[in-house]
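Structure, as structure tokens:
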Amino acid sequence: MDNQIQSEDKVEERMVCKRKRPRVRDGCPARVRFGWDAAREGFVVYEFVEARSHGLHSTEHMHLHKSNKCMSDAQKKMAQANRDAGMSLSASYQLLADCAGGYQNLRFTKSDQKNHLNTKRQRTMARGEATYLLDYFEDQKDKHPGFFYAVEVDSEEKVANIFWVDSRMREDYALFGDSVSFDTTFRTNKYFCPLGMFVGFNHHRQTCVFGACLMYDETTPSFEWLFVAFSRCMKNKLSITIFTDQDAAMAAALRNEWPTVFHALCTWHILMNAKKHLRKDKAFWKKFQHHISFIFYDVDSEEEFDMAWSTMVSDCFPNSDIADGHQWLERLKKFRHRWCSLWLRDQFTAGMLTTQASESCNAQVRLFLKPRHDLDLFFIHFSSLLADKRRKETESEYNAKQSIPYIMLENSPILQHAAKIFTPNIFERIQKQYLVAESYIIKKLSDNRDDGMIGYLIYMMEDGERSDERVVLVDIYTTTLVCECRMFRTLGVLCRHMIKVMWLLGDFGEVSMRSIPDHYILKRWTLEARGREVVDVDGSVGPSAPNENDAGKGIAMRYRETTAMLNQLAMNMSMADEKDYNKWMGVLKKVCNEANKALSKTITSEDRRSVLITGLTLKEKSNPRSHGKERYQSTNEKERRRKKREYRKRMKSIEVVTPDDTAHSDGHLSDLDDNIAQWL
């Protein structure tokens, strides 16, 4: 009995509709029947039933009829381009309506646009993700000879990890790959698969991408495979320093595969992990950030580090309340040589010790890439991310060569020299160091003429006490300077202490230092950093080819230009008087007819998806009988074309006649013409 009740319940559940759709068919008797009259050599209306079960639609609803709905090729391309650019469906539909002169001129609804984009995406991914990936990479390799990709499969022959690099990434790495940051914290697709990116700073200190990967498996063997693929792609040229997060598997892979590369920890990731492991109230976080920032960048000795660390613990955790984050803090202190500036001053970092690179990358990735993206949208938007970064570099390059930076001290030969050779961002850093150096005091410590070494003590007086006290050694024979702060060694930019010594020697010393010596001009920071010729792995030289579908983009672009011009023309004609309007309307009709006739000869039937009839876009209906068995393939082709020509001639001479000429009055005939026009 219970089973019977359960089965009846299931039947009732199946009978309940998930969505109650309104009826569109209610047995309306209205109809019209045509027939060919050989005697009259024209079509004849044999039957016309005017009675209907519903009211007629107005002309405002004509574009919503199913027979009138159609998206032209240009509109499809434009909708696709809008989606690829990250535009929402509503914004894209509104833009298409603006280009068409209003929503009433669109022959499709927003739902139709959504269905078209979904259908296109489903067709793209119909063969599966793995096949799509390989097809995409092979297509990129055919378009760009410098494109490189590697795919790792697991024991079940499923895609595990993917790595790819284009020719521009290779060129960037060859020029600016001395310091690299690698991050896998971006969850940017619908499967929450981590996106890993090798990034660095270009000569304008803007982030550039050296390589990208999708990591389905974040284990030590997977990272080892990735680092091997990256080094193989870059012809075994390794960077000096690499910054990562606190991932143990990644650290083990770096020790195994890149033992000569100094592994540093990114301070931005340390701060993000601190929010996870420590308390999150604002008062605590403000104090913690103040202390940890000083430890990051300002300690000068191990004793000062230990003192600053103890002060941070006692101030932020007065009651020894660090049980939750105790292990994390102890582990962070254990690896202090990988993140504290005191131990990183002997390594070149290009300024990546700060959080700028990671913050900038995270913001841009979240702007372009969304978790809802499938693989096809992911690669489209990732290409947009790269294009945006390269656009910013091009603009910075143009601005740097178009203008000269503002020099605050125009009489300074050092600043004048720096403004000519360095990019504006680097020049501003040097100028800032120069201006600060003016307030420093310099004293000679030693003068050993035998080996050419001179020692100077540079310091600043604050509240009657010395601060920022450094020793600078100068070799007068080689014009080499060594500063205790080691800023040039880690950043590649002259520090205030070295500038103070150069200023003194240039004005009063016997060593000429009125300009920056060549060995203190790091080529990666100069205006001519990209002037160096870089040969790609495949032997090609120069920038990569454009990474877009020119054909598809061209259709959408021409559509926008044409609609903009016609919209302006329509506005001017609507405001003209009746005489001018009729005059130019005749000219416009003539030009449009000639243009359509000429262009129709250049467009093949396969490319056509719609035909224009009296200003309305109607769908071309295919004969269902022509599919499957191919019934009409045996008919003579010339005979088919002859019949088609005769049919078109008959259509031009349609005469609306009833079997009984007196059956309807002229008023009925005019009503019939109006009804037929509305249906069309």
Side-chain angles (χ1 to χ4, degrees), residues 84-86 121 124-125 129-130 132-134 136-137 140 147-154 158-166 168-170 172-173 177 180-201 206-230 233-234 242-247 249-251 253-254 266 268-269 272-273 352 355-390 547:
D84 295 348
R121 184 167 64 248
T124 303
M125 303 297 296
E129 289 186 356
Y132 171 80
L133 280 172
L134 294 178
Y136 173 81
F137 287 145
Q140 292 296 313
F147 189 87
F148 174 90
Y149 75 93
V151 178
E152 184 186 29
V153 295
D154 56 16
K158 294 182 179 180
V159 174
N161 300 302
I162 309 162
F163 169 71
W164 71 96
V165 173
D166 63 22
R168 176 64 181 271
M169 295 180 186
R170 287 174 151 182
D172 289 343
Y173 183 79
V180 176
S181 176
F182 179 64
D183 190 3
T184 60
T185 59
F186 314 115
R187 298 296 193 273
T188 53
N189 53 64
K190 65 184 297 184
Y191 309 106
F192 291 94
C193 173
L195 166 67
M197 291 198 301
F198 295 89
V199 299
F201 281 139
Q206 299 169 335
T207 55
C208 55
V209 181
F210 302 140
C213 63
L214 289 174
M215 302 292 293
Y216 290 84
D217 181 20
E218 294 182 273
T219 59
T220 299
S222 295
F223 285 120
E224 290 178 348
W225 170 87
L226 174 65
F227 295 145
V228 169
F230 184 86
C233 170
M234 302 302 178
I242 182 170
F243 287 83
T244 69
D245 57 7
Q246 295 172 277
D247 189 282
M250 194 186 305
L254 284 171
C266 178
W268 185 83
H269 288 102
M272 294 300 103
N273 290 331
M352 282 193 180
T355 61
Q356 177 185 351
S358 296
E359 285 178 338
S360 175
C361 262
N362 274 270
Q364 287 187 316
V365 166
R366 287 181 174 84
L367 180 64
F368 283 90
L369 304 176
K370 306 297 180 184
R372 65 177 181 271
H373 288 166
D374 291 325
L375 277 181
D376 60 335
L377 275 179
F378 167 79
F379 280 108
I380 290 172
H381 284 243
F382 184 78
S383 299
S384 300
L385 170 66
L386 296 178
D388 184 70
K389 287 180 175 292
R390 293 163 184 174
N547 188 18

- Any sub-3.5 Å donor-acceptor pair from S222's side-chain atoms to E218's backbone N or O? no

- Task: Could you tell me which non-hydrogen atom of A253 sits nearest to which non-hydrogen atom of F227, and how far apart they are?
- Result: CB-CE1, 3.8 Å

- Message: Using the ring centroid of each side chain, check whether W164 and Y136 are separated by less than 6.0 Å.
- Response: no

- Message: Using the side chain to side chain donor-acceptor pair (under 3.5 Å) criterion, which residues pair with T244? Sequence neighbours excluded.
- Response: H263

- Value rounded to 0.5 Å, distance of CG in L226 from CZ in F182: 5.0 Å

- Item | Heavy-atom pair of closest approach, residues V199 and M352 | O-CE, 3.6 Å

- Using ring-ring contact (aromatic ring centres under 6.0 Å, His included) as the criterion, list what pairs up with Y173, not counting sequence neighbours. F210, F230

- CZ of R170 to CZ of F147: how many Å apart, nearest 0.5 Å? 10.0 Å

- Query: So how far is it from M250 CE to M215 CE, rounded to the nearest 0.5 Å?
  - Reply: 7.5 Å

- Message: On a heavy-atom basis, which atom in V209 and which in M169 lie closest, and how many Å separate them?
- Response: O-CG, 3.4 Å

- Message: How close do H269 and Q246 get, counting heavy atoms only, and between which atoms?
- Response: O-OE1, 4.5 Å

- Item | Straight-line distance of Y149 OH to D166 CG, nearest 0.5 Å | 15.0 Å

- Just how far is it from atom CG of D245 to atom CH2 of W268, taken to the nearest 0.5 Å? 9.5 Å

- Considering all heavy atoms of both residues, which atom of I162 and which atom of V151 are nearest to each other, and what is their separation? CG2-CG2, 4.4 Å

- Is the shortest heavy-atom distance from the side chain of V165 to the side chain of F198 under 4.5 Å? no

- Message: Applying side-chain contact (heavy atoms from CB on, under 4.5 Å), can you list everything that pairs with A229, at least two apart in sequence or on another chain?
- Response: A150, F163

- Mind running side chain to side chain contact (heavy atoms under 4.5 Å, CB included) on L214 and L195 for me, showing each step along the way? CA-CA 5 Å; L214 289 174; L195 166 67; 4.2 Å; yes

- Please answer whether the main-chain N or O of S384 pairs with a side-chain N or O of D388 as donor and acceptor at a distance below 3.5 Å. no

- Note on the structure: Applying side-chain contact (heavy atoms from CB on, under 4.5 Å) to A249 and not counting sequence neighbours gives T220, F223, D247

